[in-house]
Amino acid sequence: MDVKKILADVEAKNPGQPLFLQAVTEVLETIEEYVAANPKYDHNKIIERMVEPDRIFQFRVEWVDDKGEIQVNRGYRVQFNNAIGPYKGGLRFHPAVTVDTLKFLGFEQTFKNSLTTLPMGGGKGGSDFNPQGKSANEVMRFCQAFMTELYKYIGPDTDVPAGDIGVGGREIGFMYGMYKKLARENTGVLTGKGRNWGGSILRPEATGFGGVYFVDYMLKKAGKDIKGKTVAVSGFGNVAWGAAIKATELGAKVVCISGPDGYIYDEAGISGEKIDYMDTLLQTRNNVVAPFADKYPTAKFFAGKKPWEAKVDIAMPCAIQNELTGEDAKLLISNGVQLVCEVSNMGCTAEAIHELQKAGIPFAPGKAANAGGVAVSGLEMSQNAYHLGWTAEEVDTKLKQIMLDIHENCVKYGEANGYVNYVKGANIAGFIKVADSMLELGVC
Ligand code: 2IT
């Protein structure tokens with residue numbers, strides 16, 4: 001495989017899409033050696049086929065705000081690859097969403113879903129709708145308008161969306177209500193549903209819990225223990241919340257959370273009701289973390305700063321893409337960080353990953369470490385298909401096993417000279433299942 005040529009083609013075909021190019025570059029550079037050793041992939045142009053989404057839907061979403069003004073947003077669904085199962089992936093509502101964002105996320109999702117061991121293809125969607133400052137009724141009208149178009153492209157065996165940034169249980173409810181009405185079926189086509197209407201127990205916690213299970217496996221592999229470790233988590237949304245609960249439960253101390261306005265350092269640790277308060281803050285939808293320091297005297301707020309300047313043992317980016325840069329990585333390393341586990345999608349820049357790997361710090365990519373979220377979505381699909389619900393213990397046992405399998409796969413394909421390159425391991429393991437399926441399914 002000529003990586004340079006393929007990347008040049010991807011760049012030429014997708015102008016102005018730096019995030020997509022970043023995601024593709026990382027994968028191609030790490031699977032290059034494996035692909036070269038297995039010429040069947042090259043002969044069948046598997047890479048060229050994998051970097052092209054199956055299809056992309058873009059649509060206008062119009063709705064009326066509380067003042068009676070008509071608003072126009074853009075909606076998307078990227079159906080990236082369905083070689084191993086129906087398209088599966090979240091919906092992101094964020095003003096910065098473009099087709100580039102959703103292509104990078106859909107591409108990542110294809111590999112992530114493959115790693116989960118469940119039969120799910122890769123997809124992603126969303127809108128440039130900004131939920132900040134919108135009333136509940138405005139959010140409902142937007143979600144309904146969005147679904148009147150999206151429902152044409154999805155279905156329980158074709159494409160199953162879920163939440164992502166800006167889309168939580170409330171939004172899934174509004175969208176599922178409209179889907180059910182339009183499609184006249186109750187087949188659980190969205191995941192992350194409420195417990196009363198087909199949702200899985202532990203789905204809200206799953207991404208953060210899975211991320212911490214992954215950290216635990218990484219530490220064990222390095223002969224270390226999570227107990228007593230200090231942790232910096234970025235963000236204060238669903239993923240950061242789940243991570244804080246599980247990290248605390250396993251004996252670590254979460255000292256940082258953050259928002260777009262700055263970060264909180266709480267030497268007493270963020271546990272118990274402070275974690276509940278993270279969710280309260282999220283529900284205000286003001287996207288600021290500063291009020292946390294007003295409420296808890298041990299917490300300090302650092303305006304305009306990132307949590308990566310704090311001295312911690314473990315860093316877990318849980319917010320958004322490229323939130324941890326090369327400079328941040330250098331700072332973490334100089335402060336003695338022992339492990340970095342990306343739980344946001346592509347939370348670290350290529351430079352950051354390079355710095356961490358160069359320093360021999362174990363680093364896990366989001367597509368491995370945050371796969372617990374979509375994995376429990378897969379379990380929600382199974383429960384819906386069976387028309388029953390599993391207990392928390394059953395779901396948690398399955399989630400732990402899936403995270404362990406992902407960790408083992410990363411080690412299998414990424415370990416060399418006493419260092420596990422989790423990026424390489426995850427990309428190769430994720431690639432093999434999708435690529436081999438494409439070979440078996442023929443050119444179609
Ligand atoms: O990035 C992700 O894996 C998600 N936003 C969850 C996707 C899902 O289908 O549960």
Side-chain angles (χ1 to χ4, degrees), residues 19 23 76-82 84-94 97 101-127 150 154-169 171-172 175-176 188-194 198-211 214 235 237-243 317-321 323 342-347 364-384 395 398-399 402-403 406 426 430:
L19 295 171
Y76 306 89
R77 186 72 182 164
V78 177
Q79 295 183 335
F80 218 104
N81 187 304
N82 71 349
I84 66 171
Y87 304 105
K88 180 84 196 87
L91 298 169
R92 178 175 291 192
F93 293 170
H94 189 281
V97 161
T101 325
L102 300 175
K103 277 172 73 181
F104 115 66
L105 288 164
F107 183 74
E108 291 279 296
Q109 198 81 42
T110 302
F111 292 81
K112 181 197 308 193
N113 293 4
S114 164
L115 286 169
T116 64
T117 70
L118 303 174
M120 301 182 291
K124 203 86 190 188
S127 172
L150 183 70
I154 62 176
D157 296 309
T158 48
D159 186 353
V160 184
D164 193 84
I165 295 170
V167 178
E171 290 73 22
I172 293 291
M175 286 191 276
Y176 192 62
V189 73
L190 298 173
T191 59
K193 296 185 293 299
S200 173
I201 196 160
L202 286 188
R203 176 62 190 89
E205 292 86 350
T207 313
F209 278 23
F214 203 85
N238 166 263
V239 178
W241 167 81
C318 293
I320 201 163
Q321 68 269 5
E323 55 173 315
E342 184 183 77
V343 197
S344 42
N345 289 309
M346 209 164 75
K367 64 168 80 72
N370 74 24
V374 74
V376 174
S377 276
L379 301 180
E380 183 170 325
M381 289 166 71
S382 304
Q383 292 169 77
N384 293 160
V395 174
K398 288 182 168 66
L399 170 62
I402 288 169
M403 298 315 293
I406 297 174

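First listed ligand is number 1; within each ligand, the first listed atom is number 1. Values reported hereafter were calculated over all heavy atoms of this structure, with side chains retained and with hydrogens, waters and symmetry mates removed. Model, not experiment: these values are computed from the prediction.
Using a 4.0 Å cut-off between charged side-chain N and carboxylate O, Lys367 and Glu108 make a salt bridge.
Partners of Asn238 by side-chain hydrogen bond (donor to acceptor under 3.5 Å, both in side chains), not counting sequence neighbours: none found. Under the side-chain hydrogen bond (donor to acceptor under 3.5 Å, both in side chains) criterion, Asp159 pairs with Arg77, Gln79, not counting sequence neighbours.
Among protein heavy atoms, the minimum distance from atom 7 (C) of ligand 1 is reached at Gly90 N, 3.5 Å. Of all protein heavy atoms, the one lying nearest to atom 9 (O) of ligand 1 is Lys88 NZ, 2.7 Å. At the top of the distance list for atom 2 (C) of ligand 1, counting protein heavy atoms only, stands Lys112 NZ, 3.2 Å. In terms of protein heavy-atom proximity, atom 5 (N) of ligand 1 is closest to Asp164 OD1, 2.9 Å.
Within the 4.5 Å cutoff, the side chain of Glu205 has heavy atoms near those of the Trp241 side chain. Inter-residue side-chain proximity for Phe104 and Met346 is flagged as met; some heavy-atom pair is nearer than 4.5 Å. For the pair Phe209/Leu202, a side-chain contact is recorded, criterion being any heavy-atom separation below 4.5 Å from C-beta on.
For ligand 1, the polar-atom distance check finds no N/O of Asn370 at less than 3.5 Å from any of the ligand's N/O atoms. Considering backbone and side-chain atoms alike, Pro161 places every N or O at 3.5 Å or more from each N or O of ligand 1.
Partner Val374 forms a side-chain contact (heavy atoms from CB on, under 4.5 Å) with one of Thr116, Val160, Leu115 and no other, that one being Thr116.
Residue contacts with ligand 1: Gln109 is included, with a non-hydrogen atom under 4.0 Å away. At least one heavy atom of Gly163 sits closer than 4.0 Å to an atom of ligand 1. Heavy atoms of Glu108 stay at 4.0 angstrom or farther from ligand 1.
Of all atoms in ligand 1, listed by their number and element, those nearer than 4.0 Å to a heavy atom of Ser377 are 8 (C), 9 (O), 10 (O). Each of the atoms 8 (C), 9 (O), 10 (O) of ligand 1 lies under 4.0 Å from some heavy atom of Ala162.
Contacts with ligand 1 closer than 4.0 Å are made by side-chain heavy atoms of Lys124 only, the backbone lying farther away. Looking at Asn345 against ligand 1, only its side chain comes within 4.0 Å, counting heavy atoms. Counting heavy atoms closer than 4.0 Å to ligand 1, residue Arg203 contributes side-chain atoms (C-beta onward) but none from N, CA, C or O.
Glu323 and Ser344 share a side-chain donor-acceptor pair at under 3.5 Å.
Checked by atom type and distance alone, the side chain of Ser200 never pairs as donor or acceptor with a backbone atom of Glu380 at under 3.5 Å.
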